[in-house]
Amino acid sequence: MFGVIMTWIMLICVIIGLLFIGRVIQSEDQKSQLSQLHQTTELWAETFSVRLNSDLDRLSQLQNALPVNLNFSQGIDRLQHQARDLMQSRREILEINYIDSNNRVVAAFASPLPFGDITFKAGDIYNREGTASAILRTKRTGSSSFSAPYSLPIEGSPFIDLVSPAQIAQTRYLQITRLSIWSLLRHATQNRQDSAYRISLLYNDKAIVAASTDSRRQSITHRMHLAPLPTSFELQVSSYAQGLLTQNTLFWVISALGIFLVVALLGLIRFNWRQNSTETALRAESALRKTIADSQLSGLQVTDRKGRIVYTNRTFEELLDIKDHEKLLGQLPPYSYWPQGDAGFRLMELFETIKRGQINSASYEFRPIRSDGSSFNAFLHISPMITVEGTHLGWLWTISDITEIRQAQERVTAAHERFTRVLESMQDAISVVDPQSDILLFSNSVYDSLFGDDSLGHMQAHEELINQLGDKAKDAPDISADIYIEKMDRWFALHERIITWTDRTAVRLQILSDITERRKSENLLAEQQARSEQNSRLVTMGEMASSLAHELNQPLTAISNYAFIVGSMMKKAGVPEEHEMFYSVSRIEAQAQRAAGIIQRIRSFTKRSEPKMESIPVMNLVKEVKELASIQARRHNAKIQYYVAPDLTTVWCDEIMIEQVLLNLIKNGIEASAGIEGQKPEVSLTIYSDIDHHVIFEVADNGCGIDDEHKAHLFDPFFTTKSSGMGMGLNICRTIVELHHGRLTISDNIGRGTIFTLTLPSEKKQTD
Ligand code: ADP
């Protein structure tokens, strides 16, 4: 900056100097012009005077040279010759007149040269106005005198008359000589009517011979008296002030030098300015670099190729708590802040490896030692410093304090661990899937154990949800429903939500809670409720049956009694015992008792009393069933076949109850078979025992068979497919079988129809 200011000052000084020099040159120049003008004017005035004086001498000599003895006419002749000679040599003398005391012209001689002419002839009175006073003066003084200047029509040039006393043939005359002032001036100035000078002749300060002047140009003027003319005649010479810029070579040389100097100085200023700006920019950049280096959160250490420390930034020194910066500079590895032992050794090894060029750069975690002996977790990165030209200058060591990062990492890890533990401890299957790519982003162990480590389970559950809730659920951000996954035979409460994932994308979180058990217990509860409803209906029905039994008991007893009385009366009447009436009466009595028994059973059944278990001969059982079933068979024109295994003799049961069961199964078989057109209903009862001595009753029909759907509900109370059915038959059958600790199962008959299989435990087992 100082340089620039100095250069500017120099430039201003140079300009002022140049102006001063210009001014000095100009004033000197004017002085010299003035003196030149004076000299020239003096020279010309002098020349003018010399000429005029010479003219005066020659003119006075004209008549003085005349011989004294000549008469007037001889004298005039001689004068004429001499005057002509004189005028021949002096151009300014144009006319010579001689006048007598009366001013009459006695002789007039004209110059032979152009413009020479006589203005007065001999005999004329010389009456020129301007000359009159001069004539008088000469007459009075006897010496020469000049007239006022005048001009003639023939020629504009101013003339002057010289009046001198003359003597011709002893007579006094006056000699009047007309002189051309113009010619005199031309002679004096040697025709110097150039542009440099302007010559004028002044008479009483009025120009009688004037030069044209250029008023725009400044001029210097000098006046001088022209002796021997009267003082009223003055020569005025003007000279135009010389143009400083036009004529002065010195000025131009200096100006050129000055311009050169100014240009050079301007160049210098420009150069200085540029240098300054470059320097400022460099300084700013270097300051910026230093600030950047110092503001770095990482410590920077620059070493030469050998590892000698040449620079460290402020952060580096702050990190390592370095008090004496100078001590650090120049250190070679191992540096003072390196840890001792293994860690230091490994650092040394690392640097050696880099130095050898085996690796280009390296990173390392270690614990540097501060000057107070404390240490911290640091991350070190060593990288080469290579210039644009490819020269390897050294190494840049970047050290960052990662204590906080480590702590934060640990906190994150701990938080993640807690989070994972919570998720893992949950019994729900949690999964996150990117809906764009269907990639499983997260899953907990419950999910993995249920569906594996891909997104298939998630997708399947999602599809199930969409199927259930419809397409509108696709865009819903938060949906939930209970779904059933058939493949797993499990129920899940599914909750889906769109959440923002760590990479800011929208992902689908799915929580699947297994609710199979809950569902089961709910179903069980529902079943129990249904059952209790049925039970209450059963109880009502039982009560009805009980009161019905009570009501029917007496008429049935009466029927039995009456039948007995009819038998007694028939005996008394002498009806032979073989008479079939006795058989009928006994059947009436027996059936009445049986009906009473059934009613009793129903009563006791509704009271849930235990069956009356006995060892019943199989054939008795079959006989009883056959008899009762035949009534049904006849009604439907059905055929009933009975097969009893020969080895089977007895069965341990409540006879009436089992008969009820068998009758009900046969009745159902007949009704199922009878509904099919074009076939005779056929039902068979097969009784046999297995290895475990279970007694098995199989009732098979060729009926319509039973749907799988119906099979599950067959034993439900009041389940019937018949318009007039009560739906209690099979339910009572099952209750009876359960009371016998037996089993009643259904299977499809070969060809067509159904087989009901009643299995009763062996007698031995039951007694156990
Ligand atoms: P109900 O005979 O009054 O309908 P049941 O409890 O005896 O009541 O039978 C219940 C239902 O079981 C019947 O309505 C019938 O649909 C079905 N069922 C029972 N046995 C058979 C069979 N052998 N073949 C086809 N369906 C049968």
Side-chain angles (χ1 to χ4, degrees), residues 527 530-531 533-542 544-545 548 598-599 601-602 605-606 608 611 622 625-626 628-643 654 656-687 696-740 742-760:
E527 271 173 31
R531 202 167 292 158
E533 271 173 34
Q534 287 166 2
N535 282 346
S536 71
R537 286 163 78 184
L538 279 175
V539 167
T540 317
M541 210 180 80
M544 276 168 62
L548 201 66
I598 290 170
I599 286 165
R601 286 286 180 279
I602 290 172
F605 174 66
T606 52
R608 286 265 171 203
V622 171
V625 169
K626 229 183 204 173
L628 292 168
S630 59
I631 304 163
Q632 282 279 337
R634 270 200 299 278
R635 195 184 296 162
H636 290 99
N637 193 23
K639 182 181 170 191
I640 306 174
Q641 289 176 304
Y642 299 91
Y643 304 100
D654 180 319
I656 289 178
M657 280 187 175
I658 295 303
E659 279 174 17
Q660 269 311 110
V661 171
L662 293 175
L663 275 174
N664 197 34
L665 293 178
I666 290 167
K667 178 188 81 100
N668 279 346
I670 291 169
E671 283 174 353
S673 312
I676 297 168
E677 273 184 33
Q679 73 155 20
K680 192 176 168 70
E682 281 183 15
V683 177
S684 66
L685 168 63
T686 311
I687 309 169
I696 297 161
F697 300 80
E698 275 184 10
V699 181
D701 62 68
N702 61 348
C704 55
I706 306 168
D707 295 345
D708 286 347
E709 193 189 333
H710 287 166
K711 270 181 191 162
H713 302 288
L714 278 188
F715 298 102
D716 294 351
F718 310 111
F719 174 80
T720 179
T721 56
K722 299 165 193 164
S723 55
S724 58
M726 244 184 90
M728 283 304 294
L730 286 177
N731 178 264
I732 292 170
C733 286
R734 194 180 63 172
T735 313
I736 292 170
V737 173
E738 278 171 7
L739 289 171
H740 282 78
R743 224 170 46 235
L744 183 59
T745 55
I746 314 154
S747 55
D748 296 331
N749 197 3
I750 302 158
R752 146 171 301 212
T754 316
I755 303 172
F756 280 85
T757 308
L758 164 65
T759 309
L760 291 180

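Note that ligands are numbered from 1 as they come in the structure, with each ligand's atoms numbered from 1 the same way.
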Restricting to non-hydrogen atoms, name the atom on [X] and the atom on [Y] that form the minimum distance, rounded to 0.1 Å.
X: F697; Y: L685; value: CB-CD1, 4.3 Å
X: S673; Y: Q679; value: O-NE2, 3.4 Å
X: K711; Y: I746; value: O-CD1, 4.3 Å

Tell me, which protein residue and heavy-atom name are nearest [atom], and how many Å apart are they?
atom: atom 2 (O) of ligand 1; value: K722 NZ, 2.9 Å
atom: atom 23 (N) of ligand 1; value: D701 OD2, 2.8 Å
atom: atom 5 (P) of ligand 1; value: L730 N, 3.7 Å
atom: atom 11 (C) of ligand 1; value: F719 O, 3.9 Å
atom: atom 4 (O) of ligand 1; value: T720 OG1, 2.6 Å
atom: atom 20 (N) of ligand 1; value: N668 CB, 3.2 Å

May I ask you to list the atoms of ligand 1 that are less than 4.0 angstrom from any heavy atom of [X]?
X: G725; value: 3 (O)
X: L714; value: 12 (O), 17 (C)
X: T754; value: 24 (N)
X: G669; value: 23 (N)
X: I706; value: 25 (C), 26 (N), 27 (C)

Output yes when a side-chain donor or acceptor of [X] lies under 3.5 Å from a complementary backbone atom of [Y], and no otherwise.
X: H636; Y: E671; value: no
X: N664; Y: G729; value: yes
X: N731; Y: F715; value: yes
X: D701; Y: I670; value: no
X: N749; Y: A700; value: no

- prompt: Heavy atom of F756 under 4.0 Å from ligand 1?
  reply: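 Distance cut 4.0 Å: F756 passes for ligand 1.
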
- request: Could you tell me whether ligand 1 has any atom less than 4.0 Å away from a heavy atom of G703?
  value: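 Not so, G703 does not reach ligand 1.
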
query: Quick one: does ligand 1 sit under 4.0 Å from the side chain of T721, the backbone, both or neither, non-hydrogen atoms only?
result: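 The answer is both, backbone and side chain.
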
So is [X] polar-close to ligand 1, meaning N/O to N/O under 3.5 Å?
X: G705; result: no
X: E671; result: no
X: G727; result: yes

message: Just to be sure I'm reading this right: ignoring hydrogens, which of S723, C733, G753, A672 gets closest to atom 22 (C) of ligand 1? Compare them by their nearest heavy atoms.
response: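 Closest candidate by heavy-atom distance is A672.
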
message: What verdict does the side-chain contact (heavy atoms from CB on, under 4.5 Å) test give for Y643 and E698, after you've listed the backbone C-alpha separation in whole Å, the side-chain angles of each residue and the deciding distance to 0.1 Å?
response: CA-CA 10 Å; Y643 304 100; E698 275 184 10; over 6 Å; no

message: Atom NZ of residue position K639 - does it have more than 12 heavy atoms of other residues, nucleotides or ligands inside 6.0 Å?
response: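 It does not: K639 NZ has 12 such atoms or fewer within range.
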
query: Which one of N668, L744, I706, T720 satisfies the side chain to side chain contact (heavy atoms under 4.5 Å, CB included) criterion with L714?
result: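 That would be I706; it is the only one of N668, L744, I706, T720 passing the side chain to side chain contact (heavy atoms under 4.5 Å, CB included) with L714.
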
